[in-house]
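Note that these values count all heavy atoms, side chains included, but never hydrogens, waters or copies made by symmetry. The first residue of the sequence shown is numbered 1, and numbering continues consecutively from there.
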Amino acid sequence: MPLRVITDAEITPSVLPRTRVALVNMPFALADRPSIQCGLLKAALDRAGYKSTVFYLNLELAAEFGALFYRDLSIMRVNMLLGDWLFSTAAFGHRSDEEEYRRVCGAQMDEACSKLGIDFERLCELRNEAFPAWISRWAREVDWGRYAAVGFTSSFEQNAASFALASAIKELHPEVVTIFGGPNFDGTMGREYVRVLPFIDYAVIGEGDHALLQILERTTRGGSALGIQGVVGRSGGKFGKLVDGGPASPIRNLDDISDPDYQDYFETLSRLGRERVLRNAPIILPFETSRGCWWGEKQHCTFCGLNDHTMQYRSKSPVQAIGQLERLASRYRVVNFAATDNILDYKYLEQLCAPLAEKRYDFHLFYEVKANLSPAQVRAMRRAGVDSIQPGIESLNSRILALMRKGITMLRNVRFLKWAHYYGMKVGWNILTGFPGESAEDYEQQLRVLPLLRHLPPPNGNTRISLERFSPFFFDPSFPVHKARPVDVYRFIYPEERLDLREIAYFFDHEMGSTLPDEFHQDLTNQVTQWKAAWQRSPRPTLIYQRAPEWIQIVDRRTEEVAVHAFQRREAAIYEICAETDQTVEGICKQLAETMEDDADPREVRASLAKFCDMGLMLEEKDRYLSLALPVNQHW
């Protein structure tokens, strides 16, 4: 099916060839959502007077190979860099090292092939025949010469596909300016790509909102974009000297940014047929209400490599954030949204969530948050429509959390899981291992906690941390990181005789001192596997309590053997006091005195708390206590 291009009928005297710009979203970007990078840039370009078109070539590939196949392929991230490997022949030429790549990937490759429903030989055919043919088709079906510039946004595994098409475009239309940006071009990565790859004219390092417009202002007038802040290019031709304008200056006021323009996504989806591209998957609209990370500004989590020069936290005003959601929902008739923010702005809990709740929209929102939210704050988010959440829990041991610089405790992580589940949120989280200073006791404690939480959403998995560029583990020499080198699969994608893999890699193999060996974590892996399996059964594990005058009944179905416990008056009151949040003995005694109007003996309170803990109905940490059962009453 031919790609959409701007026709002559659409060209007005004000839309000259030098004012038309193409933006490209390549595989393996997810098909169920438009690109917020392209959407934001298109809106900025159109506002500045350019005629821009976004080519969603990821949707073209999904339509050709099938929605489910593309979806499964596009979510296979990180370890194998399979998406980039599949386009590496198209980008850099054929290499006969498939079997070595397969050997390095090991069991992961077998699992991937099983998931995709094909064998490795078919993957090799895609890499060496089908995908190069597709690149050639994409390069020739569109008259890229109509455009003054073609911009590629690259994140996750979009690099090789983007390089392949940019190279083909340059061969056919050498006069077209090619511009790259996105997370894959942050820091030294972008500089090295521009230094070596002649089909890249310019790369934007950092936020591209202003830099792209500055590049176009100069190049559409026949000038050079060298020297612009945030722009890297070459002087003296495609093999000239690198000229680096330094990182782009971050946008200060996000209210000045227009809503993302997703019209080209929906037009492409309509042309190709939604069923072919998505099957039954809902469309999700990415939206942005903040950039940077307010926690990272205070204390950068040791393993996090999400921000390079853009850690400074900035957020839209709540009024603008709400308006953006309303306008996007109205324009595109979609109610599913995913915030691209690294972390939720605390002021939104009142100034955004409360107004959204009052409007009673049927929005479904995803946000990343810090897990120290109170039950009331979790409830406020859920009432506003936030029903999918990534809290960055990472561990259920306070000492390991301190090693991560997470600024939270085990009990607060459990509290968040409890109330997010209670209010019907989908919670995405993982358990990470491999932190310098971790001890066997840390994991023994975690192994004691995990079986008590079977009624709460399990982690997606547990894994040893990866070493990411821009993380403190990578750049801070005080950490015992040794022998850092790009993960092995990079050499099967990029020509290491030309590109310095140490400069372009984001993920690094490494040795970390003062950590426990992988085999030590097998018990943890087994526990997580059992927890996830329990949630695949029907009914799922539950732990609830029912209230009645002066007593409660706890029904424990965390295992196949059901247990029922009844607690009277004072013990019932103690359990409920510790239900909402973790409490001290002193705090419990104070609340008992206020509610039951008699003084409580701390020794008796401690005895009751110990009883609950021994029964696995409560957790204790540093003399603070949290009840684990969820109340039945949904209006609690």
Side-chain angles (χ1 to χ4, degrees), residues 1 24-32 56-139 152 154-168 184 272 276-279 281 461 463 466 486-499 501 504-507 509:
M1 185 173 292
V24 188
N25 192 40
M26 290 296 282
F28 284 93
L30 295 171
D32 64 357
Y56 280 94
L57 301 188
N58 61 321
L59 302 189
E60 303 280 345
L61 198 65
E64 177 72 12
F65 288 94
L68 297 182
F69 179 84
Y70 184 86
R71 180 202 66 191
D72 291 340
L73 191 53
S74 63
I75 61 176
M76 291 179 182
R77 304 287 193 207
V78 180
N79 292 331
M80 297 184 296
L81 298 180
L82 180 58
D84 277 327
W85 181 78
L86 285 170
F87 273 99
S88 60
T89 294
F92 302 112
H94 176 70
R95 295 166 54 176
S96 56
D97 55 3
E98 287 97 344
E99 287 303 322
E100 188 179 358
Y101 172 73
R102 181 180 189 177
R103 179 188 59 78
V104 168
C105 293
Q108 292 182 74
M109 179 58 70
D110 296 333
E111 294 170 5
C113 289
S114 176
K115 178 73 171 176
L116 295 169
I118 61 175
D119 56 25
F120 184 70
E121 288 67 29
R122 175 56 178 157
L123 282 180
C124 292
E125 290 177 8
L126 293 176
R127 180 195 187 215
N128 297 320
E129 299 174 21
F131 287 171
W134 266 78
I135 290 295
S136 179
R137 172 187 167 187
W138 290 338
F152 293 84
S154 184
S155 59
F156 294 112
E157 294 172 39
Q158 290 182 287
N159 257 7
S162 299
F163 292 159
L165 183 58
S167 178
N184 288 342
L272 295 172
R276 291 179 64 202
V277 177
L278 299 180
R279 191 66 66 89
T463 183
S466 60
V487 296
D488 212 15
V489 293
Y490 279 106
R491 65 186 175 92
F492 299 104
I493 299 167
Y494 301 99
E496 56 184 330
E497 70 278 4
R498 295 163 58 196
L499 284 161
L501 301 186
I504 65 167
Y506 183 80
F507 299 103
D509 287 326

Practice prompt. Compute the ring centroids of Phe87 and Phe28, then answer whether they are less than 6.0 Å apart.
Written response: yes
Are the aromatic ring centres of Phe65 and Tyr70 under 6.0 angstrom apart? no
Gap between atom [atom2] of [Y] and atom [atom1] of [X] - 0.5 Å precision:
X      : Y      : atom1 : atom2 : value
Ser88  : Tyr101 : OG    : OH    : 8.5 Å
Ile75  : Glu157 : CD1   : CD    : 11.5 Å
Leu126 : Leu116 : CG    : CG    : 9.5 Å
Gln108 : Lys115 : CD    : NZ    : 15.0 Å
Glu64  : Leu57  : CD    : CG    : 13.0 Å
Ile135 : Arg137 : CD1   : CZ    : 11.5 Å

Does [X] reach the main-chain N or O of [Y] with its side chain, forming a donor-acceptor pair under 3.5 Å?
X      : Y      : answer
Tyr494 : Phe92  : no
Tyr490 : Leu81  : no
Asp32  : Ala281 : no
Asp119 : Cys113 : no
Asn25  : Tyr56  : no

Closest heavy-atom pair and its distance - [X], [Y]:
X      : Y      : answer
Asn128 : Glu98  : ND2-OE2, 2.7 Å
Pro495 : Arg95  : N-NH1, 4.4 Å
Asp110 : Arg102 : OD1-NH2, 4.1 Å
Ala139 : Ala168 : CB-CB, 3.6 Å

Side chains of [X] and [Y]: does their closest heavy-atom pair fall under 4.5 Å?
X      : Y      : value
Asn58  : Leu61  : no
Arg279 : Arg71  : no
Asn159 : Ile493 : no
Leu82  : Met109 : yes

Salt-bridge criterion met for Arg491 and Glu100 (N-O under 4.0 Å): yes
(message) For Glu60 and Trp134: C-alpha separation, side-chain torsions, deciding distance, then whether side chain to side chain contact (heavy atoms under 4.5 Å, CB included) applies.
(response) CA-CA 10 Å; Glu60 303 280 345; Trp134 266 78; 4.0 Å; yes
Angle between ring planes, Trp85 versus Phe120, binned at 30° and 60°: parallel, tilted or perpendicular?
parallel
Practice item. Dump the intermediate steps for side chain to side chain contact (heavy atoms under 4.5 Å, CB included) on Trp138 and Met26, then the final yes or no. Key: CA-CA 11 Å; Trp138 290 338; Met26 290 296 282; 3.6 Å; yes
Side chain to side chain contact (heavy atoms under 4.5 Å, CB included) with Pro486: of Asp509, Ile504, Leu501, only one passes, and it is Leu501
| task | Decide yes or no on side chain to side chain contact (heavy atoms under 4.5 Å, CB included) for Val24 and Ser162, but give the supporting numbers first. | result | CA-CA 8 Å; Val24 188; Ser162 299; over 6 Å; no
